[in-house]
Structures are given as C-alpha cells and as structure tokens.
Amino acid sequence: QITAQITDEGFTRFVSASIGSFDVDGTTISDTSNNLVLSSSGQITGSKVLFTGGTITGSGMDILTPKFYFGQNSNYISGSEGNISIVNTGTTTLSGSAVDIKTPKFYLGESANYISGSGGNISIVNTGTTTLSGSAVNIQTPKFYLGEGTSQYISGSNGNIEISSSQFHLDPANNTMAISGSITAT
C-alpha cells in the first residue's frame, strides 16, 4: 500500500496532510474547526459558507439547513424556525399544472384590498369594484345581507326576505309593505 508519493513529473500524493488551517485525509479536505468540509463524495458542508458570484449546478442538489437567505435586501427568499418568507418588489409568479396552497390561515393583498381567511371565515375587502362572474355562481347561505346601511338593502334569515329602498319597504317579519309614489301595472 502506497501512503505517500512524489512522481518525476512533480505530482504529489498524500494520504493525510495539514496545509495552513486545513486538514487533508483520504476522503476530505476540511478546516481545523470543521466549518468547511469538502468530501470526495461531492458533498460540501459548511456552517459559515458565503458564495459571491459564480454558478452552483448539479443534477440533484439538496440544501439542508435550519436557516437560509437567498437574494438581497429588497428581493429574497428566507427561512428559519419553520417559517418561509418570499419578498419581491416586482412580480412573483407561482405556476404549474397543479399549485396547491394549503393553510388554515391566509391573507392576500394589502390593507385596503384583500382576501383573507381563518377559523372557517373568509373576508373579501375592496375599495373598488368586486366582480364574481361565471356560467353558474351559487351563493348558498341561511343568512345574507346585500346593501349599504339601513336604507337600501336585501336581506334574508329564518325563512324571511326583507327588501328596502328609498320608496319601497317589504318587511315580512312585521307583516308590512310600504310604498311611496305611484304604482303602474300593465
């Protein structure tokens, strides 16, 4: 078994060595504190690794770390303690033949215009026009209210429907109907 060798071309083979603050053995090159380990299997392990520039490629690459940060201060993906953040000042696209977002709590939008949900409730808040459109839109609920304030609305609950506007009010709960103005039937 050859343990060390220097050829006439100047090639040197060591089974183990120490060069500066790095140790070399038969399968790894590592710093003396094991903060950076290069293995003959192709694995690079580091507790304080900083890549600036260049390209990292591989047919199968796993990055196993409890904390990560990719990007710069205004556009990044980061994660720690079970949380992942995606921050982007431009357009962010999630695309695929099947994209599932499964969560018991969500918030899409900003403070004045958003869709949110938690605890079995969904809120849609919009300062502009909200459109629900489709060949069949079903709103199925035992209680509803469409309108603004107490002057113009359509509401329903407990098997009753109440309709009110500035010149018409139908109140089946109190068995009343009030009409202002004229009625024309043709």
Side-chain angles (χ1 to χ4, degrees), residues 44 46 49-186:
I44 301 172
V49 178
L50 174 63
F51 291 104
T52 56
T55 303
I56 301 171
T57 62
S59 59
M61 185 177 296
D62 295 329
I63 300 173
L64 306 173
T65 179
K67 184 176 180 181
F68 65 89
Y69 185 95
F70 300 113
Q72 53 196 8
N73 61 358
S74 61
N75 297 291
Y76 60 86
I77 300 173
S78 67
S80 67
E81 299 177 10
N83 300 305
I84 294 178
S85 294
I86 300 173
V87 175
N88 187 3
T89 56
T91 301
T92 302
T93 303
L94 297 175
S95 177
S97 59
V99 176
D100 295 333
I101 300 174
K102 298 179 179 181
T103 179
K105 182 178 178 182
F106 67 90
Y107 186 95
L108 305 171
E110 41 88 21
S111 62
N113 299 286
Y114 60 87
I115 300 173
S116 68
S118 67
N121 299 307
I122 293 179
S123 294
I124 300 172
V125 175
N126 188 0
T127 57
T129 301
T130 302
T131 303
L132 298 175
S133 177
S135 59
V137 176
N138 296 319
I139 300 173
Q140 300 176 353
T141 180
K143 182 179 177 182
F144 65 90
Y145 185 93
L146 303 172
E148 180 179 27
T150 59
S151 61
Q152 55 185 21
Y153 59 87
I154 300 173
S155 69
S157 65
N158 300 320
N160 297 311
I161 292 179
E162 186 171 344
I163 303 170
S164 181
S165 72
S166 60
Q167 295 186 351
F168 175 83
H169 186 87
L170 172 64
D171 184 357
N174 294 315
N175 227 9
T176 61
M177 179 173 75
I179 298 174
S180 300
S182 61
I183 298 174
T184 305
T186 58

Worksheet item: To the nearest 0.5 Å, what is the distance between OG (Ser164) and OH (Tyr153)?
Response: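 Rounded to the nearest 0.5 Å, the OG-OH separation comes to 4.5 Å.
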Worksheet item: Say you draw a straight line from CD1 of Ile163 to CD of Gln152; how long is it, rounded to the nearest 0.5 Å?
Response: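 Taking CD1 in Ile163 and CD in Gln152, the distance rounds to 13.5 Å.
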According to side-chain contact (heavy atoms from CB on, under 4.5 Å), who are the partners of [X], at least two apart in sequence or on a separate chain?
X	result
Ser165	Phe168
Ser80	Lys67
Asn121	none

Does a sphere of radius 6.0 Å around [atom1] in [X] hold more than 12 heavy atoms from other residues, nucleotides or ligands, not counting ones at 6.0 Å or beyond?
X	atom1	answer
Glu148	CD	no
Ile179	CD1	yes
Ile161	CD1	no

Fill in: Smallest separation among heavy atoms of Tyr69 and Ser78, with atom names
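What the structure gives for the nearest pair is CD1-CB, 3.7 Å.
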Residues 82-92 side chain polar contacts: donor-acceptor under 3.5 Å, at least two apart:
unit_1: Asn88; atom_1: OD1; unit_2: Gly90; atom_2: N; d: 2.9
unit_1: Asn88; atom_1: ND2; unit_2: Thr91; atom_2: O; d: 3.0
unit_1: Asn88; atom_1: ND2; unit_2: Thr92; atom_2: OG1; d: 3.0
unit_1: Thr89; atom_1: OG1; unit_2: Asn75; atom_2: OD1; d: 3.3

Fill in: Any residue meeting side-chain hydrogen bond (donor to acceptor under 3.5 Å, both in side chains) with Glu110, in chain and number order, not counting sequence neighbours
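side-chain hydrogen bond (donor to acceptor under 3.5 Å, both in side chains) check on Glu110 returns Asn113.
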Worksheet entry | Between Tyr76 and Phe70, ring centroids under 6.0 Å |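 For Tyr76 and Phe70, the ring centres are not under 6.0 Å apart.
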Discussion item. Strictly distance-based, threshold 3.5 Å: is any side-chain N or O of Thr103 a donor or acceptor partner for the main-chain N or O of Lys105?
Written reply: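 Confirmed, Thr103 side chain pairs with Lys105 backbone.
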Item to complete: Kindly say whether Lys143 contributes a backbone atom to a donor-acceptor pair with the side chain of Thr141 at under 3.5 angstrom?
Response: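 Such a contact is found between Thr141 side chain and Lys143 backbone.
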Worksheet entry | Set of residues satisfying ring pair (Phe, Tyr, Trp, His ring centres under 6.0 Å) with respect to Phe144, sequence neighbours excluded |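 Residues passing ring pair (Phe, Tyr, Trp, His ring centres under 6.0 Å) with Phe144: none at all.
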